[in-house]
Amino acid sequence: MTALSHGEAEALVRRAARGAGRSWGMAEEAGHAARWLNERGQPGTALVAGLLAETDGKTHDAMMLRCSDDNWTPTGDAICPLVLGTALSDRATVLPPVLMAGPVLYPLLLAPCLATIAFQTGRPQTLAWADVRICVTGADLCVQAGADHMARATEARVTLEQDAPAAGPALPCTPRADVADAVAKRLTALAARTYAPDTPERRMSGAGAGLTDND
Amino acid sequence: MDRHADDTPPRIASRPPETVMRLHRLGSFHQTRLSFMRVLLRRLRRESWRFERRAFDIDARGVGHAVYTLRGPARAYSLVAFGHDLPDDQRSDRVIATAWDATFTLFDGIPTAEDITRLRDNIPRQEAGRVTETELSVSRANRSVRMFAHVIDALAAGKQPDPDEVENVGYLMRTTAVYGSGKLGAADRAAIASRPEFTAPFQVEMMSVWLTRAFVLDLVEHMARQRAPDTAVPLDPALRRRFGIGNSTGLGMAPFLISHPVLFNNWIAAREEALARVRALPRANPDDVAKLRAFIPRARAMVAVWQSDHPAQQARLAELRADLELIEDQLRRDALTAPTPWNALWLWAEATLGAEGQELLLSLMLEPHGDLVDALADGMCADEARDFAIDGAMQVARMRTILQDVYGWALTVDWDDPTQQARAWYVSADKLEPRLGERWDEDITAWEQPLAPGRDAARLYAALKDEPGNDPIADLLLRAPEHRHTVRRAQIAARHPYAEIRDNTIGADLMPIDMLRAKLSFFGAGQFDPRSDRWVRINMFRGAPFPHELHDLPEDDWAYPAGPP
């Protein structure tokens, strides 16, 4: 287990998401989502690692959704939570009072995008799946039910409510992102796909200086 | 008869981004009162911070550790320094180096013996080690071998070093990286951003470098004493202040300006607002005019010692020296007694001087006006998380307008012309060193980093060409997530006018040092010496008081060399 700073965890996840084939914009969303959850003591890094392992190399279309009225369904087997989360937050001001979506992978990864919706609309967002119920405001993740296992769900159908009253204690902030070594290793391997292999030519010309500095 | 005419001068607008956000101009910036080094020292002096050298356990070779502590009204911070014995053939300023002459961390508080033990195991390894949230920054420095030897030899023999050599080189050690903001496990920016002493940008890094400078000067005096205890002398205080900390800056700093658009906007906006406030003054206070005149010979002295071996920089220095003479002539002609005289001077500069001269005049014009502009430093930080969210309801027509306004220059570039995409930014697997490659000569496109906002804006514009104007941008983003990054940038740029550099950042004629110099000028660096088009040596805190004498010397008067006696 390593204690990463939040900045380090976010950067690692962003690079890993890019390495797994996501566009830079979606990679940024992945890093941001992991960080938001990490800051509230949830294993955001591990959740994204799991998601990327499952969707590594998948095309956007395979993880996509059809938005129709109040029931959003996958075009493939399941919706990617980053795709669903951004689709929801991009439509923050026009969401129906109750929306069902799914199946979606790693549903807790939706919470950060719900914070955006809450901030933009002024309305807390209540998300439920199985026996889990969370409420997200602009800054807080509040858990009404299922706190001890909400991070374990790998796939679920979710319900998003616009006007349910906010309830449940807000999870406290933590200063570090604890990451299991196996998770860090998987993410580092994916991130490494974004680095160009070193060659003598690249080493000499790419950075503009020689190899020793004595002046 | 209009009795109100000319009572209130018109409000002067800040310069438009089309003028300011060009690489050639950004690469002409000079330090100003709003530079982060100066912001730091003004605060430390104003709040009477106390300095204490708590430990100096260094042998005759310079090996060991030291602790340099600053105590403020609420908190204390300590530079923990480690000296090493580095063989010459291992000395490298590159990110890929693995050993250094000295390594450092800025500790949040006063370190215990256990902390020192832990840090001794990690700090000398730099990227190969780990730190915790009690460490605010991690850095390293290498000697100027020639200068180090010269100074120790002189002091040991009871003499002062050659002042011309000191002016020529200007530092004994140079930092090759100063990592803050959560890197290597250090405290995140968010954890300390609400502390008043760290509200302004890069205060941790500047504090670390200022204390490093104190350590380095103590170190050479110590090594001279160790060598020749009977004859060694300390440096003369005024000469001692002529040593700054050098810095060797490469490409790693350039992407920062692109990756932090809101922050960069806030730096530029503060600087432009400062200029606008001075220009808007209805009259020039004669004391302020005298102060400006007094800075001219000091600026000339600064520019005179500014050397470079690089042809492009030499040409710009020649232009700058010529412009400085024109400024001097103009100030002889213009007593600045007419209404809005600072604005008249500025408009003259825009019509007469090159970018280097204009930006130097900007710095000079701010000097007498601390009361008017210093508080703008409080607005130079950014909470970037606030600008992350995309407004998916924005209509396509609005996005097209933003793209035309902000990236209009990019929409007329022929991106299929190979010279326009001649370069690609990438990260090397070797220690994650940022590099700039030649796209058509090297096989690097697969690893290209998103540092070409102009090109990407042109692609987005093309994708929107046939979309209905009142569709929400959310629809495009769902179908084509490859544009999400650019949509986010464009929405940021619509809210923050100085967020985007309005030039091609991957073209054949890109000079990355323009980006390095812009950032370094905000740090407060003087004396830019490009070693290539992507590698620059600078000097930090040169002329500044040392911690032990901060309260004894005039406030914030060190950025320019002392004038002629």
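The chains referred to below are lettered A, B, ... by the order of the sequence lines, with proteins before strands, and numbering in each begins at 1.
Contacts of A/Glu29 with chain B are made by both backbone and side-chain atoms, with heavy-atom separations under 4.5 Å. Of the atoms belonging to B/Thr132, it is backbone heavy atoms, and not side-chain ones, that fall under 4.5 Å from chain A. Residue A/Cys67 touches chain B through its side chain alone, counting heavy-atom pairs closer than 4.5 Å. With a 4.5 Å cut-off on non-hydrogen atoms, B/Ile473 does not touch chain A at all. Proximity to chain A involves both the backbone and the side chain of B/Gln449, based on heavy atoms less than 4.5 angstrom apart. In this structure, the portion of B/Glu442 lying under 4.5 Å from any heavy atom of chain A is its side chain and not its backbone. When heavy atoms are compared at a cutoff of 4.5 Å, B/Pro472 does not approach chain A at all. For A/Gln120, the part sitting under 4.5 Å from any heavy atom of chain B is the side chain, from C-beta outward, and nothing else. For A/Ala3, the part lying under 4.5 angstrom from a heavy atom of chain B is the backbone only. Residue contact with chain A, scored on non-hydrogen atoms closer than 4.5 Å, is absent for B/Ala97. Using a 4.5 Å cut-off between heavy atoms, B/Arg479 contacts chain A through its backbone alone, with no side-chain atom that close. With a 4.5 angstrom heavy-atom cutoff, A/Thr86 touches chain B via backbone and side-chain atoms both. Residue contact with chain A, scored on non-hydrogen atoms closer than 4.5 Å, involves the backbone and the side chain of B/Ala393 alike. At a 4.5 Å heavy-atom cutoff, the contact between A/His60 and chain B is made by side-chain atoms alone.
Considering CH2 of A/Trp72 and CD1 of A/Ile79, their distance stands at 8.5 Å, rounded to 0.5 Å.
The two residues B/Trp535 and B/Leu516 come nearest to each other via the heavy atoms N-CD1, 4.3 Å.
Chosen from B/Asp430, B/Asp188, B/Leu184, B/Leu478, the residue pairing most often with chain A at heavy-atom distances under 4.5 Å is B/Asp188. Counting heavy-atom pairs under 4.5 Å between each of B/Ala190, B/Ala446, B/Ser181, B/Ala186 and chain A puts B/Ala186 at the top. If you tally non-hydrogen atom pairs under 4.5 Å between each of A/Leu65, A/Asp90, A/Thr2 and chain B, the highest count goes to A/Asp90.
A/Glu8 contributes a side-chain N or O that, together with a main-chain N or O of B/Gly185, makes up a donor-acceptor pair within less than 3.5 Å.
Of the candidates B/Arg439, B/Arg435, B/Arg423, B/Glu448 forms a salt bridge (Lys or Arg N to Asp or Glu O under 4.0 Å) with just one, namely B/Arg439.
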**Message:** B/Glu384 vs B/His260, test: side chain to side chain donor-acceptor pair (under 3.5 Å). Steps then yes/no.
**Reply:** CA-CA 8 Å; B/Glu384 292 175 301; B/His260 297 270; 3.1 Å; yes
**Prompt:** Between A/Thr154 and A/Leu105, does a side chain to side chain contact (heavy atoms under 4.5 Å, CB included) hold up when you go through it step by step?
**Reply:** CA-CA 5 Å; A/Thr154 57; A/Leu105 301 170; over 6 Å; no
**Prompt:** Would B/Arg174 and B/Ser248 satisfy side chain to side chain donor-acceptor pair (under 3.5 Å), going step by step from the backbone distance to the final call?
**Reply:** CA-CA 7 Å; B/Arg174 54 182 183 276; B/Ser248 193; 4.7 Å; no
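The closest side-chain donor-acceptor pair between B/His485 and A/Glu28 falls under 3.5 angstrom.
For B/Arg143 and B/Phe148, the positive end sits near the middle of the six-membered ring, less than 6.0 Å away and at most 45° from its axis.
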Counting only pairs under 3.5 Å, give me each side-chain donor-acceptor contact of residues 9-27 of chain A, with atom names and distances, residues two or more places apart or in other chains.
residue : atom : partner  : partner atom : Å
A/Glu10 : OE1  : A/Arg35  : NH1          : 3.1
A/Arg15 : NH1  : A/Tyr195 : OH           : 3.4
A/Arg18 : NH1  : A/Arg22  : O            : 3.2
A/Arg22 : NH2  : A/Thr55  : OG1          : 3.0
A/Ser23 : OG   : A/Met26  : N            : 3.3
A/Ser23 : OG   : B/Pro481 : O            : 3.3

